[in-house]
Number of protein chains: 2
Amino acid sequence: MACSVQLVARPKDPAVRTLLIERAAAMLRAREPITLRSLVAGTGVSTMAVYTHFEGMDGLWQALRQEGFTRLGTRLTTVPVSDDPVRDLAALAAAYLDNALTHPDLYRVMFDASVDLEDLPAADATLEHLVQAARRGRDAGRFRADVVPLELAIQSWTIGHGLVSLVATGPLPRETLDHGPFMLRALFTACGDDPDRCRASVEQGWHRPAPDDERSRPA
Amino acid sequence: MACSVQLVARPKDPAVRTLLIERAAAMLRAREPITLRSLVAGTGVSTMAVYTHFEGMDGLWQALRQEGFTRLGTRLTTVPVSDDPVRDLAALAAAYLDNALTHPDLYRVMFDASVDLEDLPAADATLEHLVQAARRGRDAGRFRADVVPLELAIQSWTIGHGLVSLVATGPLPRETLDHGPFMLRALFTACGDDPDRCRASVEQGWHRPAPDDERSRPA
DNA sequence: GCGCTGAACATAGCAGCGTTATGGCATGTA
DNA sequence: TACATGCCATAACGCTGCTATGTTCAGCGC
């Protein structure tokens with residue numbers, strides 16, 4: 001009895017889901033408080049749509065977190081892979097910071113609440129970009145052979161996230177981000193990279209981030 | 001007419017203020033949601049007390065943030081000043097992490113909301129501990145003469161905050177904190193410290209944090 | 001083509017939230 | 001002692017997320 005699940009019902013419209021997420025992201029950008037009623041106001045859909053598609057507001061926030069990770073992931077994908085892995089690693093960090101500062105509210109949503117287990121794959125996918133660059137750096141001989149790519153990636157992420165959260169939602173001014181290259185150089189040279197080559201690579205990667213993939217959307 | 005402000009009224013009881021803050025901190029630790037009514041329930045005071053003392057819930061959260069910075073400050077004060085500034089700097093970082101992980105919810109409150117300008121002095125006081133240690137490290141010749149203590153302090157803070165927030169409220173496991181010594185060493189040696197001395201100093205400072213000043217309070 | 005099933009959606013109402021208006025009452029001055 | 005002041009308790013308001021109830025409509029068996 002290979003009876004597949006029988007769908008004899010009205011299918012839920014996927015357009016409604018994306019509509020709500022995009023509207024929520026827009027309200028986030030506009031710094032408007034996102035409430036159930038204000039979210040659906042003007043969209044023509046009713047409050048119940050949030051429950052059929054997200055099972056409540058918590059589910060909406062989680063979907064918003066995933067959307068944030070997705071956008072961050074596509075942003076990191078635009079960073080070109082060059083023949084200089086250290087430069088690429090710096091460029092990834094710069095892109096990370098740029099993305100977080102362009103969408104500070106979305107970034108806060110991503111890391112505010114205790115991350116659900118549902119979000120871990122998305123976060124891992126983000127981290128994977130850094131891991132690959134770190135591995136290429138090691139295989140190219142820039143880092144010592146005993147450098148674990150995952151660990152270097154985590155350390156780079158720590159610097160990026162520390163800077164961003166102290167600046168975007170924290171007490172430090174924006175100039176604090178200028179410490180980024182120095183800290184990355186300190187980390188990379190501690191992993192074995194030559195100081196002069198490292199300085200040049202980080203300089204290049206830091207100041208030439210890929211353009212933002214901002215999905216501009218007319219009101 | 002040196003007419004001072006005339007106080008002819010019932011003075012507000014400062015005990016009520018501290019009672020509410022302590023109760024809020026306790027509820028935070030117990031992971032109970034803090035609502036106006038649940039906060040005053042059982043205390044004998046009414047909801048209006050929150051408004052006379054804090055001008056509403058926002059003021060209570062702000063007071064809670066300040067309380068968090070105060071506790072962090074006294075915690076950092078317990079870190080002894082030794083003749084090894086690099087060791088002290090590592091010990092301060094370790095104490096910072098320890099404090100944040102023993103009171104993760106309070107830590108989140110401190111950095112969750114966009115920091116009010118009211119909170120800046122408290123954050124600066126925290127940072128000042130690190131600045132002093134960094135300055136002593138430079139004056140003792142461990143760091144290069146061109147190292148700016150404030151900048152090194154900010155960089156150390158970035159590492160500590162990055163680690164803590166990725167672990168406490170973020171997606172990374174607790175073992176991630178073990179990267180702390182390596183990252184601090186990378187930073188300090190990049191500032192001119194001798195690698196071997198640095199390794200020894202960081203090792204000592206990291207693994208001997210001062211005891212927690214937890215104000216244990218019977219229920 | 002027709003009726004049935006069941007999920008998607010709309011509406012109305014609920015408990016709970018933070019806030020505010022009102023009034024009694026304790027307190028320090030004259 | 002009489003008064004002015006502002007803390008505190010009570011009750012109500014608008015708003016929140018959520019749920020119970022009814023309606024609509026896509027897809028399948030006949």
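Chain identifiers are assigned alphabetically (A, B, ...) following the order of the sequence lines, protein sequences preceding nucleic acid strands; residue numbering begins at 1 within each chain. FYI, side chains are in, hydrogens and waters are out, and symmetry mates aren't considered; it's all heavy atoms of this structure.
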Tell whether B:R37 reaches the base of C:dG18 with its side chain through a donor-acceptor pair below 3.5 angstrom.
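Yes, the side chain and the base share a sub-3.5 Å donor-acceptor pair.
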
Please work out which of the three classes, parallel, tilted or perpendicular, describes the rings of A:Y107 and A:Y96, given edges at 30° and 60°.
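Ring orientation of A:Y96 relative to A:Y107: perpendicular.
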
Under 4.0 Å, heavy atoms only, any strand: does B:V50 hit a base, just the sugar-phosphate, or nothing?
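Since no nucleic acid heavy atom lies under 4.0 Å of B:V50, the category is nothing.
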
Can you see which heavy atom on A:L60 is nearest to which on A:F54, and at what distance?
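In this case the closest contact between A:L60 and A:F54 is N-CB, 3.6 Å.
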
Determine the minimum heavy-atom distance between A:H129 and A:L92, stating which atoms define it.
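Smallest heavy-atom distance, with atoms named: O-CD1, 3.6 Å.
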
Taking only residues two or more places apart in sequence, or in another chain, which ones meet B:S165 in a side-chain hydrogen bond (donor to acceptor under 3.5 Å, both in side chains)?
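B:S165 satisfies side-chain hydrogen bond (donor to acceptor under 3.5 Å, both in side chains) with A:H161 only.
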
Test side-chain contact (heavy atoms from CB on, under 4.5 Å) on B:I34 and B:W61 and set out the steps.
CA-CA 10 Å; B:I34 298 183; B:W61 288 110; 4.1 Å; yes

If I take atom [atom1] in residue [X] and atom [atom2] in nucleotide [N], what distance separates them, rounded to the nearest angstrom?
X     : N      : atom1 : atom2 : answer
A:L36 : D:dG17 : CG    : P     : 5 Å
A:R17 : C:dC9  : CZ    : C1'   : 17 Å
B:L19 : D:dC8  : CG    : C1'   : 15 Å
A:L39 : D:dC15 : CG    : C1'   : 16 Å
A:M48 : D:dC18 : CE    : P     : 11 Å
B:Y51 : D:dC8  : OH    : P     : 15 Å

Among residues 54-64 of chain B, which residues get a heavy atom nearer than 4.0 Å to DNA chain C?
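Here the set is B:G56, B:M57.
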
Give the C-alpha distance, both sets of side-chain angles, the deciding distance and a yes or no for side-chain contact (heavy atoms from CB on, under 4.5 Å) between A:L101 and A:L177.
CA-CA 10 Å; A:L101 291 168; A:L177 300 178; 3.0 Å; yes

Between D:dT16, C:dC9, C:dA21, which one does the side chain of A:T35 approach most closely?
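Nearest listed nucleotide: D:dT16.
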
Check every atom of D:dA9, D:dT19, C:dC9 against the side chain of A:H53 and return the nucleotide holding the closest atom.
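Comparing D:dA9, D:dT19, C:dC9 against the side chain of A:H53, the answer is C:dC9.
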
Kindly say if A:S46 contacts the phosphate of C:dA10, meaning a side-chain N or O under 4.0 Å from OP1 or OP2.
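Yes, such a contact exists.
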
May I ask you to check whether over 12 heavy atoms, not counting those of A:E55, lie within 6.0 Å of atom CD?
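Not buried by this count: 12 neighbours or fewer within 6.0 Å.
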
